[in-house]
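Reading through the structure tokens given below for one structure.
Chain letters run A, B, ... following the sequence lines, proteins first and then strands; every chain starts at 1.
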There are 2 protein chains.
Amino acid sequence: MARATRKVEILHAASKVVSERGIFNLTLEAVAIEAGVSKGGLLYHFPSKEALVKGMVEHLAANYRDKIATSVEDSTLENGKWISSYTDVTFNNPYPNKEMHAGLLAAKAVNSDLLDPIRDLYNEWQAAIEDDGIDPVKATIIRLATDGIWLSELFDIHHLGEDKKKEIYLKLKNWINE
Amino acid sequence: MARATRKVEILHAASKVVSERGIFNLTLEAVAIEAGVSKGGLLYHFPSKEALVKGMVEHLAANYRDKIATSVEDSTLENGKWISSYTDVTFNNPYPNKEMHAGLLAAKAVNSDLLDPIRDLYNEWQAAIEDDGIDPVKATIIRLATDGIWLSELFDIHHLGEDKKKEIYLKLKNWINE
DNA sequence: GAAAAGAAACCGTCCAGAGAGTATAGTAAA
DNA sequence: TTTACTATACTCTCTGGACGGTTTCTTTTC
């Protein structure tokens, strides 16, 4: 309805196509149909496929950044705000992760330069994590372990059960304030 | 020359194409040229694109499994053989990782079922790691952290410097025997 | 405040190019 | 004779993007 919404709807549709049908099915027509828009309408908003994927990445990067930033602001911790927020959001927010998966795969496939917004994100977070009031090596390991779960979910390679995942989450969180 | 070699050469060529030019350039013709084989010759060995990607995944899975198995056999550790080997191989072996990246991306793009050999690998390793004589949660976290580095290298998102990477490696290795 | 004008947000078709896979005829070596 | 190819040509399908509409909103003018 509102105008900004349509673009976002299209981006969600694109993510959905990638998630459910794979990158090779990320065609303009498939996205248009999924979004309930004609091909012409899609191209009005995103003049090329690359522009569409760029939109996906930028959108999810902004989204993810906000989530983490909000979590950091709400944190009452003395030390380890950033790493704690990163772990919380990434472990407990299946939605942005799904979009992230689709966006990453699409960008990697279409044009690696499109990953720049993600690179910026990671540079910011890595810097914050290393200046988070706790041992930077420890903090980085916690981040990496969090990303490790991500990798296996992205490729659907190995799923730790929910219980094991929780154990790991708790151990990591606990380690922050050790 | 030898018959088994040609197939392997083609698989390497395919990985190279994916690594250097992205998944969308993984065409039969591109692989054939890269491998120094005609398109007909390529199709003689791999009758379809899917068969080619299947070959890639199976080859790298076998390769990776061997590397880890050899490392485990050579290990003199009482406890933590598996997790230690996994970390060693993954940190210090850029070659199988590059192939792994290409194979994963190609399989994910073409047909997720092709990832089954990787799933088998991970199931085996996860089982071994949980029965490795050390706290299974700790061992799993070490594995995940190792995979985390992987993720960022796969997407070329963020590179810890070699020095930081080494610090992390040492801390993880040290943690095994703590 | 109604009508006209213009911009924004779409729709639907067409086409050129590319790539997967087929077909086929031939070659070299073991 | 079989295996392991080369080389070329051809079919068939799909897809990105161009293009020329049409409708809906917004603003201006009288």
Side-chain angles (χ1 to χ4, degrees), chain A residues 1-57 59 102-103 105-114, chain B residues 1-57 59 102-103 105-114:
Chain A
M1 287 133 198
R3 51 233 71 167
T5 307
R6 259 287 139 64
K7 289 190 90 165
V8 175
E9 279 173 8
I10 291 171
L11 295 174
H12 285 310
S15 293
K16 199 174 171 196
V17 170
V18 174
S19 297
E20 294 178 357
R21 284 179 269 166
I23 308 163
F24 284 160
N25 289 303
L26 181 73
T27 65
L28 298 182
E29 206 191 349
V31 174
I33 291 169
E34 182 70 45
V37 171
S38 72
K39 201 172 164 185
L42 168 59
L43 283 164
Y44 171 77
H45 289 289
F46 300 98
S48 71
K49 192 173 179 178
E50 185 159 330
L52 173 64
V53 175
K54 193 178 175 199
M56 289 172 72
V57 175
H59 179 252
L105 290 171
K108 181 81 185 172
V110 170
N111 177 356
S112 282
D113 292 344
L114 299 177
Chain B
M1 289 136 195
R3 50 232 69 169
T5 306
R6 260 285 139 70
K7 288 190 89 165
V8 174
E9 280 173 9
I10 291 171
L11 295 174
H12 286 311
S15 293
K16 200 176 172 195
V17 169
V18 173
S19 296
E20 293 178 359
R21 284 179 270 166
I23 308 162
F24 285 160
N25 290 304
L26 182 73
T27 64
L28 297 181
E29 206 191 349
V31 174
I33 291 169
E34 182 70 44
V37 170
S38 71
K39 195 175 166 184
L42 168 59
L43 284 165
Y44 172 78
H45 288 291
F46 301 100
S48 71
K49 192 173 178 177
E50 186 160 330
L52 173 64
V53 174
K54 193 178 175 199
M56 289 171 74
V57 175
H59 179 251
L105 290 171
K108 181 80 183 172
V110 170
N111 177 355
S112 281
D113 292 344
L114 300 177

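As a whole-Å value, the separation of B/K7 NZ from D/dC5 C1' is 14 Å. Computed from coordinates, the B/N25 CG to C/dG17 P distance equals 19 Å when rounded to whole Å. A straight line from CZ of A/F24 to P of D/dT15 spans 11 Å, rounded to a whole angstrom. Atom pair B/L42:CG and D/dA4:P shows a separation of 15 Å (rounding to whole Å applied). Summarising the geometry, the separation between CD on B/E9 and C1' on D/dA4 is reported as 13 Å, rounded to the nearest angstrom. Summarising the geometry, the separation between CD1 on A/I10 and P on C/dA9 is reported as 11 Å, rounded to the nearest angstrom.
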Q | Protein proximity profile, nucleotides 20-25 of chain C - base contact B, sugar-phosphate-only contact S, no contact -, cut-off 4.0 Å on heavy atoms | A | BBB---

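Note on B/E29 versus B/K39: no salt bridge recorded, every NZ/NE/NH1/NH2 to OD/OE distance being 4.0 Å or above. By the 4.0 Å N-to-carboxylate-O rule, B/E34 lies close enough to B/R21 to be salt-bridged with it.
To the nearest 0.5 Å, atoms OG1 (A/T5) and CD1 (A/I10) are separated by 11.0 Å. Between the CE atom in B/M56 and the CG atom in B/L11 there is a gap of 7.5 Å [rounded to 0.5 Å].
Residue A/R6 places at least one side-chain N or O closer than 4.0 Å to OP1 or OP2 of C/dC10. Phosphate proximity of D/dC5 to B/Y44: absent, as no side-chain N or O sits under 4.0 Å from OP1 or OP2. For the OP1/OP2 pair of C/dC10 and a distance below 4.0 Å, the side-chain nitrogens and oxygens of A/H45 include at least one atom meeting the criterion.
Enclosure of atom NZ in A/K49 by more than 12 non-hydrogen atoms of other residues, nucleotides or ligands within 6.0 angstrom is indicated.
Contact between B/I23 and B/A109 at its shortest, heavy atoms only, is CG2-CB, 3.7 Å.
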